[in-house]
**Student:** 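Have a look at the structure that comes next, please.
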Amino acid sequence: MRLRRTLLGLCFVAAFIVPVKTMVEGQSASEAPAGFDNQTNGFTTQAVFDANKDAFEERETIEDGLGPVYNAQSCAECHQNPVTGGISQVTEIRAGHNDASGNFVDAPGGSLINDRAIDASIQERVPGAEDIRAFRTSLNTLGDGFVECVDSNTLLAIAFAQPSQSGGRISGRFIQVPLLEAPGSVRGGRFGWKNQHASLLSFSADAYLNEMGITSPLQPTENTSLGRSVAAFDQVPDPENREDVGRFAGFIRATKAPPRDEALAATFDAQEGSRLFDQIGCNICHVRTITTAPAGSVINGGQFTVPPALGNKKIHPFGDFLLHDVGTGDGIVQNGGQSTKNELRTAPLWGVRTRGRLMHDGESLTRNEAILRHAGEASGVINAYRFLSTTQKSRLITFLSSL
Ligand code: HEC
Ligand code: HEC
């Protein structure tokens, strides 16, 4: 679904500005709880949170169904910093090639090249012909229950407002993706570097299969090794893991949002940096505040009802959950179609102070370098950044250190 540049009559944009304001700054909304403290946000009891967290941290073995091809042994191996559910330095590899018409084609068996296998003979490696290759860093999942509860129309409204905020330069792409738990239904994608999923149940089933090699009722088909069956090595049936996917989603839904460093945020430098962040337009994509749908809203193709703990909450993700071409595209297509090959989701900056390796590939090691790497839709904003004085730039980066 392409919503930018084609539908942008001025009245159309104007018609959407009011909804953005009411949805984004709804009066009765309260602040979502935030903290790196291993405490439930109220979606489940603390006892259920702790049990679901144990499942997220559990190290699977071959006896539990691990592999045959996989990336790591537990969700927490890649989602852990500074507490379970956060990020890590672990990356994954995706690869494929373009066909004669320039369309991206997955490597045999899918673009994800698993880094590990339970038997050396089925180890995947990038074949030479698959010359489009990309690293993808692990993402934060803390607070993602709130993100799941954002109405798709709220994201759409942000997309519609962007051109008028940027002289037409910036317009996020909203895509609709399938929900594994509601076959035949689609929803506004918001999770993953390519917005490839819209629900935490879908992402958890996908991750269990693709990261750990464990099938589930939502993802019943085992992966291959570059297209070759690994059935001979798959001695253990995985369906004992029927409940795990629900536990992972239950854990993530009950996590608090990443908190600010309040002491740093209160300093003059961080406040001045925060003002500059808005003044030069970083906040057009790195959206400061979004309000979740009211409790009782039915989402995910009828499979989830927004609970009071997650409904009508203000979050500060510093992201728009939309795809943009900022000149860093990795050429890989997932759920969004060929036109998304060079687009990535705006990296939500909440919790960015816990990340040492930045951007989708982890190749930018300083905030300044990450900012200067933005081009494409972000060019105007990044030029404004270049024109800041050294002191102003360092204040903006101090602000990032408070996120
Ligand atoms: C080998 C490391 C690794 C393991 C193990 C892993 N993940 Fe991830 N996770 C990633 C990476 C990398 C991404 C980003 C993938 C992308 O979009 O390309 C990600 C993204 C996610 C996201 C999307 C977060 C967002 O805000 O967009 C969720 C949810 C998630 N993982 C859940 C899980 C669950 C549940 C498990 C366990 C079943 C798991 N992951 C296991 C590396 C891992
Ligand atoms: C047109 C939308 C857009 C604008 C404007 C924009 N960004 Fe981004 N930003 C993105 C996207 C998309 C990514 C992810 C790119 C990638 O991974 O290759 C990103 C990534 C980042 C990251 C890396 C975060 C991480 O977790 O890896 C930082 C830091 C960042 N932006 C800061 C800024 C600052 C500061 C500004 C203003 C000077 C800005 N951005 C303006 C879209 C934007």
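Whatever order the structure lists them in is the order used to number ligands and atoms, beginning at 1.
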**Student:** Before accepting this row, confirm whether a basic side-chain N of the pair D37/K256 lies closer than 4.0 Å to the acidic partner's carboxylate O.
**Tutor:** yes
**Student:** Shortest non-hydrogen contact from G213 to Y70?
**Tutor:** N-CB, 4.1 Å
**Student:** If we only count N/O pairs under 3.5 Å, is Q334 in contact with ligand 1?
**Tutor:** no
**Student:** So, T267 and D269: side-chain donor and acceptor under 3.5 Å apart, yes or no?
**Tutor:** no
**Student:** Give the minimum heavy-atom separation between S166 and I284, together with the two atoms involved.
**Tutor:** CB-CD1, 4.1 Å
**Student:** How far apart are the closest heavy atoms of Q123 and D115, and which atoms are they?
**Tutor:** NE2-O, 3.2 Å
**Student:** State the atoms of ligand 1, each with its element, that fall below the 4.0 Å cut-off from a heavy-atom position in A72.
**Tutor:** 1 (C), 5 (C)
**Student:** Suppose I only count heavy atoms of L396 and a 4.0 Å limit; which atoms of ligand 2 are within that range?
**Tutor:** 35 (C)
**Student:** Using a 4.0 Å cutoff against the non-hydrogen atoms of N71, which atoms of ligand 1 qualify?
**Tutor:** 1 (C)
**Student:** Nearest to atom 18 (O) of ligand 1, what protein heavy atom do you find, and at what distance?
**Tutor:** R136 NH1, 2.7 Å
**Student:** If the cut-off is 4.0 Å to any non-hydrogen atom of D144, which atoms of ligand 1 fall inside it?
**Tutor:** 24 (C), 25 (C), 26 (O)
**Student:** Would you mind running through ligand 2 and noting each atom that sits below 4.0 Å from a heavy atom of H360?
**Tutor:** 16 (C), 17 (O), 18 (O)
**Student:** If you measure from each non-hydrogen atom of F191 to ligand 1, which part falls under 4.0 Å: side chain, backbone, both or neither?
**Tutor:** both
**Student:** List every atom of ligand 2 that sits less than 4.0 Å from any heavy atom of R355, numbering the atoms from 1 in the order shown and giving each element.
**Tutor:** 25 (C), 26 (O), 27 (O)
**Student:** For residues F321 and P348, report the shortest heavy-atom separation together with the two atoms involved.
**Tutor:** CE2-CG, 3.8 Å
**Student:** Could you find the nearest protein heavy atom to atom 38 (C) of ligand 2 and give me its residue, atom name and distance?
**Tutor:** C282 SG, 2.6 Å
**Student:** Please check this pair: side chain of N241 against backbone of D244, looking for a donor-acceptor N/O pair closer than 3.5 Å.
**Tutor:** no
**Student:** Answer yes when E369 and R373 have at least one side-chain N-carboxylate O distance shorter than 4.0 Å, and no when they do not.
**Tutor:** no
**Student:** Under 4.0 Å from a heavy atom of T328: give me the atoms of ligand 2 that qualify, with their elements.
**Tutor:** 15 (C), 16 (C), 18 (O)
**Student:** Taking D330 first and then K194, would you say they form a salt bridge - that is, a charged N and a carboxylate O separated by under 4.0 Å?
**Tutor:** yes
**Student:** Under a 4.0 angstrom heavy-atom cut-off, which atoms of ligand 2 come close to I280?
**Tutor:** 38 (C)
**Student:** Specify the protein heavy atom at minimum distance from atom 13 (C) of ligand 2: its residue, its atom name, and the distance to 0.1 Å.
**Tutor:** A347 N, 3.7 Å
**Student:** Would F56 count as being in polar contact with ligand 1, using the rule that some N or O on each side must be under 3.5 angstrom apart?
**Tutor:** no
**Student:** So does H374 have any N/O/S atom less than 2.8 Å away from atom 8 (Fe) of ligand 2?
**Tutor:** yes
**Student:** Counting heavy atoms only, which of R116, E92, E148 is nearest atom 11 (C) of ligand 1?
**Tutor:** E92
**Student:** State the atoms of ligand 1, each with its element, that fall below the 4.0 Å cut-off from a heavy-atom position in Y208.
**Tutor:** 38 (C)
**Student:** Looking at ligand 1, does M212 have a heavy atom less than 4.0 Å from it?
**Tutor:** yes
**Student:** Against ligand 1, does Q196 come closer than 4.0 Å with any heavy atom?
**Tutor:** yes
**Student:** Between D325 and N342, do the side chains contain a donor N or O and an acceptor N or O under 3.5 Å apart?
**Tutor:** no
**Student:** With a 4.0 Å cut-off on heavy atoms, is T137 in contact with ligand 2?
**Tutor:** no
**Student:** Look at the rings of F251 and F56 and say which category their plane angle falls in: under 30° parallel, 30 to 60° tilted, over 60° perpendicular.
**Tutor:** tilted
**Student:** H286: heavy atom below 4.0 Å from ligand 2, yes or no?
**Tutor:** yes
**Student:** Identify the protein heavy atom lying closest to atom 27 (O) of ligand 1, giving its residue, its atom name and the separation to 0.1 Å.
**Tutor:** G192 N, 2.7 Å
**Student:** Between E148 and R253, does any NZ, NE, NH1 or NH2 come within less than 4.0 Å of an OD or OE carboxylate oxygen?
**Tutor:** yes
**Student:** What about W193: any of its N or O atoms under 3.5 Å from an N or O on ligand 1?
**Tutor:** yes
**Student:** Checking E181 against S199: is there a side-chain donor and acceptor pair closer than 3.5 Å?
**Tutor:** yes
**Student:** Which residue holds the protein heavy atom closest to atom 4 (C) of ligand 2, what is that atom called, and what is the gap in Å?
**Tutor:** C285 SG, 3.4 Å
**Student:** Relative to each other, are the rings of F318 and F399 parallel, tilted or perpendicular (30° and 60° limits)?
**Tutor:** perpendicular
**Student:** Can you confirm whether the side chains of H324 and E377 place a donor and an acceptor under 3.5 Å from each other?
**Tutor:** yes
**Student:** Show me which atoms of ligand 2 lie under 4.0 Å from any heavy atom of I371.
**Tutor:** 35 (C), 38 (C)
**Student:** Any N/O of R94 closer than 3.5 Å to an N/O of ligand 1?
**Tutor:** no
**Student:** Please list the nearest protein heavy atom to atom 23 (C) of ligand 2 with its residue and the distance rounded to 0.1 Å.
**Tutor:** M359 SD, 3.6 Å
**Student:** Where's the contact between L349 and ligand 2, heavy-atom distance under 4.0 Å: side chain, backbone, both or neither?
**Tutor:** side chain
**Student:** Please give me the minimum heavy-atom distance between P108 and E130, naming the atom from each residue.
**Tutor:** CD-OE2, 3.5 Å
**Student:** At distances under 2.8 Å, what protein N, O or S atoms surround atom 8 (Fe) of ligand 1?
**Tutor:** H79 NE2
**Student:** How close do S225 and I122 get, counting heavy atoms only, and between which atoms?
**Tutor:** OG-O, 2.7 Å
**Student:** I need the contact type for S74 against ligand 1. Using non-hydrogen atoms and a strict under-4.0 Å cut-off, is it side chain, backbone, both or neither?
**Tutor:** backbone
**Student:** Out of the candidates N195, T340, L322, only one should pair with R173 under the side-chain contact (heavy atoms from CB on, under 4.5 Å) rule; please name it.
**Tutor:** T340
**Student:** Could you check whether N210 and N71, counting side-chain N and O atoms only, form a donor-acceptor pair closer than 3.5 Å?
**Tutor:** no
**Student:** Which of the atoms of ligand 2 are close to L344, meaning less than 4.0 Å from one of its heavy atoms?
**Tutor:** 12 (C), 16 (C), 18 (O)
**Student:** What do you reckon, is CZ of R275 surrounded by more than 12 foreign heavy atoms closer than 6.0 Å?
**Tutor:** yes
**Student:** Does any part of the side chain of L155, heavy atoms only, come nearer than 4.5 Å to the side chain of R190, both counted from C-beta?
**Tutor:** yes
**Student:** Would you say N140 contacts ligand 1, with heavy atoms under 4.0 Å as the rule?
**Tutor:** yes
**Student:** Under 4.0 Å, heavy atoms only, figure out whether ligand 2 is touched by the backbone of V326, its side chain, both or neither.
**Tutor:** side chain
**Student:** Checking the side chain of R353 only, and the main-chain atoms of L403 only, is there a donor and an acceptor separated by less than 3.5 Å?
**Tutor:** yes
**Student:** Under a 4.0 Å heavy-atom limit, does R345 contact ligand 2 with its side chain, its backbone, both, or neither?
**Tutor:** backbone
